[in-house]
Amino acid sequence: MSNQETPKRYLITAALPYANGLKHIGHLAGAYLPADTYVRYLRAQKRDVVFVCGSDEHGTAIPIQATKEGTTAQAIIDKYHPIIEQNFNDLGISFDIYHRTSDPIHHETAREFFQSLNDKGDLITKESEQYFDEKAASFLADRYIKGTCPNCAYPAAYGDQCENCGKSLSPDELINPVSTLSGNAPIKKSTKHWYLPLDRHEAFLRKWILEEHANDWRSTVVGQCKSWIDGGLLPRAVTRDLDWGVKVPETVEGSAGKVLYVWFDAPIGYISATKQWALNNDKDWKPYWESKDTKLVHFIGKDNIVFHCIIFPVMLQLHGNILPDNVPANEFMNLEGDKMSTSRNWKLEMEDYINDFIKPENGGSQMADVLRYYLTLIAPESKDSEFTWKGFQDANNSELVSIFGNFINRALVLMHKLCKGKIPPLHANLLDELDKEAIDNIKATKEKVEKLLEEYKFRDALFEVINLARIGNQYMQKKEPWIVAKQLASNPEAQKLIDNCLHICLQLTANLAILINPFLPFTAKKICYLLKVVDKILDWENAGSMKLLSVGYSLRAPELLFRKIEDEEIIKQVEKLKAAAVNKEPIVSASVGTLPKAGPDSGSEPRASAVKPEIVFDDFAKIDLKVGTIVAAEKVEKADKLLKLQVDLGFETRTIVSGIAMHFKPEDIVGKQVTVVCNLAPRKMRGIESNGMILMAEDAAGKLHFINPETAIDNGSGVS
RNA sequence: CGCGAGAUAGAGCAGCGGUAGCUCGUCGGGCUCAUAACCCGAAGGUCGGAGGUUCGAUCCCUCCUCUCGCAACCA
């Protein structure tokens, strides 16, 4: 599919960052940096390319963040959109347009898209039960429902996730759900929604991904898709009951109060961004989305694979657009031994790096290139990778500084010392094998880099460029012009050998500028400055040429391209990271089975508190605790943590499903006395109805212990 | 349990059927033009484990163990 003849035009997208906060270097390494590198390469090739991105500004997390910050959704996106855009700019991410999904042109585009699919019968509608707040007269998004976390008993877990234990939830799982709008318990109410019937498109997806792209897409991407397709595709809701987002077109019956689900509207943002770009530049956007000779590439992180490889392509195909040629998704980047996490504050934000390193007094934009270098070097192209500050320092000091920067610096310094500050002539008749080899290596590197970039192997491509500088160092070492210079007094002809060596080294330097440009654009510019050549020289077609610099031309005094990074700097960063991190361990959680009151404490901080909110005796008295004996236990099939227990409570024997399989073997606990919550509403787990709950205590090591009487007593004895 | 990805020198990674390779680090040597930089050389791996296919397997197949995701699940 790829690697055929050159496409007429390219449309490159990078995942739309969600405008509810700052973005970290994992995002940068995952999507924006490889996309930018690829785009800069294409531009240097003078290809017709548009690089679009923008803020994703819909979805429920935006109004939620607004509540958190005590402001409006509009204010949130207006706050984060420009910061994110500026951060990208500071790091040299060169979007042709950084748009936003709150823009009217996007609303129009998304509504048209929906309308078109709906008119053609490509969407279906279904009624379903959703939580509804009667007082606020509003359906509740998952995030607007709070309740007790079924996992950690944290009383203020959200309907989609518990902020205390990080568990993903659905609203139905919450104990004692409460609407955060009114504080009342929500009711279930029927509502109609539009769905995209993915199941209709299984055959298309199988053929397109699993057959046609089985070999040119990354194995991680194809694997994920296969997993999804084999798992059975289901209709997916494309609308929500919400007032923040793109309104469902009024011309569609039943549209009142409905907005497009954010995942449906966000990728359409690529299209609206392209439209806006076309308006700004007096171009036609249509060929970029409709013409078969356009090569569309989505750069994303692995969390976005399903949207860009399954859902969006189905939408595009139904709507008559072109499909992506490739979706080079990256895996995730860890940080200093742990997953990056916004909620635990274990992250390095682009903003932080910019403040600490890119500010003029700390190194300026050259330091943006250092980050670009290291992130490309460790990019999680085939598996998760890890950012460490030590690695960052090593990469900078021993590769960028010692190999790349040093080669260019010594070439320039030597030229000033031995060639009077001018580009020396090349004496072709005196060229030897070493010279020719060096020259050949430049062309060879160009070809390797091209091939690797076309295959989205950015790390390998960058290595080849650095390796060319290494070759330069080796060449210079073998030629030893500084030694040759000592013969000058007795043999003036020796100057010609010096000239040849430095001529080649300087042409090599100019070539390095071209080859490094897609990766480290600020560095390429600085090399141009040092060589006193215009940026035009960076056109890719110039790579491999030995005539980039004119003989006799005088150059600037050398300046260092990169500075060393000192130990203190990285120690400071590691300390900063650790100090800011939120301790994930629950402070006190010796109560896996206790039943806390689902507090109406809306607005409280989502942190674990040592003691739960106070309750009155009546609250406690509602809980019916009795002692029982486990008479039978078996593992529940297809569940890691569940045991199905039969518990004798004296007056009856009940089935209770308990999540303790990781801690106890069934045979070891038969005969144990336990404390049971008898009046807990029954709940189905894995298809088995559980009638009660076993109380457990969890120690610091996470091990569970039964709460039971010191000595055996009658089953059915009350506990208070 | 299921699905996906991974497990290769001290660290980080490449290789994916034919004498195990790269970068950093370590050790020894050389050079001194250069940001104590550069160049040369060495040590260091039974390629997670067990089977199988093959003339031959790190690379293919099967099973197992562990890690990370997803899904499930957490009363």
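Chain identifiers are assigned alphabetically (A, B, ...) following the order of the sequence lines, protein sequences preceding nucleic acid strands; residue numbering begins at 1 within each chain.
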Can you check whether [X] reaches [Y] side chain to side chain, under 4.5 Å on heavy atoms?
X      : Y      : value
A:Q573 : A:F357 : yes
A:W217 : A:C309 : yes
A:Y373 : A:F404 : no
A:L497 : A:P481 : no

Test salt bridge (charged side-chain N to carboxylate O under 4.0 Å, His left out) applied to [X] - qualifying residues, sequence neighbours left out:
X      : result
A:K496 : A:E493
A:K479 : A:D432, A:D435
A:E568 : none
A:E569 : A:R563

Just how far, in rounded Å, is [atom2] of [N] from [atom1] of [X]?
X      : N     : atom1 : atom2 : result
A:N473 : B:C40 : CG    : C1'   : 13 Å
A:L497 : B:C33 : CG    : C1'   : 16 Å
A:M476 : B:C40 : CE    : P     : 14 Å
A:N406 : B:C33 : CG    : C1'   : 9 Å
A:I229 : B:A71 : CD1   : C1'   : 16 Å
A:K478 : B:C33 : NZ    : C1'   : 17 Å
A:Q366 : B:U35 : CD    : P     : 17 Å
A:I209 : B:C3  : CD1   : P     : 19 Å

If you measure from the [atom1] atom in [N] to the same atom in [M], how many Å do you get, rounded?
N     : M     : atom1 : result
B:G30 : B:U19 : P     : 36 Å
B:C1  : B:A72 : C1'   : 9 Å
B:G52 : B:C66 : C1'   : 23 Å
B:G15 : B:G45 : C1'   : 15 Å
B:C13 : B:A7  : P     : 10 Å
B:A42 : B:G21 : P     : 12 Å
B:U8  : B:G49 : C1'   : 15 Å
B:A11 : B:U65 : P     : 25 Å

Side chain to side chain donor-acceptor pair (under 3.5 Å) partners of A:K302, counting only residues at least two apart
A:E331, A:D384

Kindly write out the residues that satisfy side chain to side chain donor-acceptor pair (under 3.5 Å) with A:N334, not counting sequence neighbours, or none if the list is empty.
none

Tell me what [X] touches on the nucleic acid: a base, only sugar-phosphate, or nothing, going by heavy atoms under 4.0 Å.
X      : result
A:L412 : nothing
A:V401 : base
A:G405 : base

Taking for each residue the nucleotide of RNA chain B with the nearest heavy atom, is it A:W482 or A:Q224 whose nucleotide lies nearer the 5' end?
A:Q224

Of A:F332 and A:R563, the one whose nearest nucleotide on RNA chain B sits closer to the 5' end is A:R563

Closer than 4.0 Å, any side-chain N/O of [X] to the OP1 or OP2 of [N]?
X      : N     : result
A:Q474 : B:C40 : yes
A:K479 : B:C39 : no
A:K564 : B:A37 : yes

In B/S/- notation (B base, S sugar-phosphate only, - none; protein heavy atoms under 4.0 Å), nucleotides 57-67 of chain B written 5' to 3' is -----------

Could you encode protein contacts along nucleotides 5-16 of chain B as a string, one character per nucleotide from 5' to 3', using B for base contact, S for sugar-phosphate-only contact and - for no contact, with a heavy-atom cut-off of under 4.0 Å?
SSS-----SS--

Name of the residue among A:K451, A:R459, A:K448 meeting salt bridge (Lys or Arg N to Asp or Glu O under 4.0 Å) with A:E464:
A:K448

Show me the pairs that pass side-chain hydrogen bond (donor to acceptor under 3.5 Å, both in side chains) and involve residues 388-397 of chain A, at least two apart or across chains.
A:K390-A:D394, A:Q393-A:D567

Find every protein N or O atom lying less than 3.5 Å from an N or O atom of nucleotides 21-26 of chain B, and list the pairs.
from, atom 1, to, atom 2, distance (Å)
B:U23, O3', A:R470, NH2, 3.4
B:U23, O2', A:E399, OE2, 2.5
B:C24, O2', A:D394, OD2, 3.4

Students often mix this up, so state it plainly: with edges at 30° and 60°, are the rings of A:Y456 and A:F299 parallel, tilted or perpendicular?
perpendicular

In what stems does RNA chain B take part, counting only runs of at least 3 consecutive Watson-Crick or G-U pairs whose two distances fall under 3.5 Å?
B:2-7 with B:65-70, B:10-13 with B:21-24, B:26-30 with B:38-42, B:48-52 with B:60-64

Starting the side chain at C-beta, find the nucleotide from B:U35, B:C39, B:A37 nearest to A:S402.
B:A37

Can you find a side-chain donor-acceptor pair between A:N500 and A:H503 that sits under 3.5 Å?
no

May I have all residue pairs that pass salt bridge (charged side-chain N to carboxylate O under 4.0 Å, His left out) and include part of residues 397-408 of chain A, sequence neighbours excluded?
none

May I ask you to check whether A:Y374 and A:F387 place their ring centers less than 6.0 Å from one another?
yes

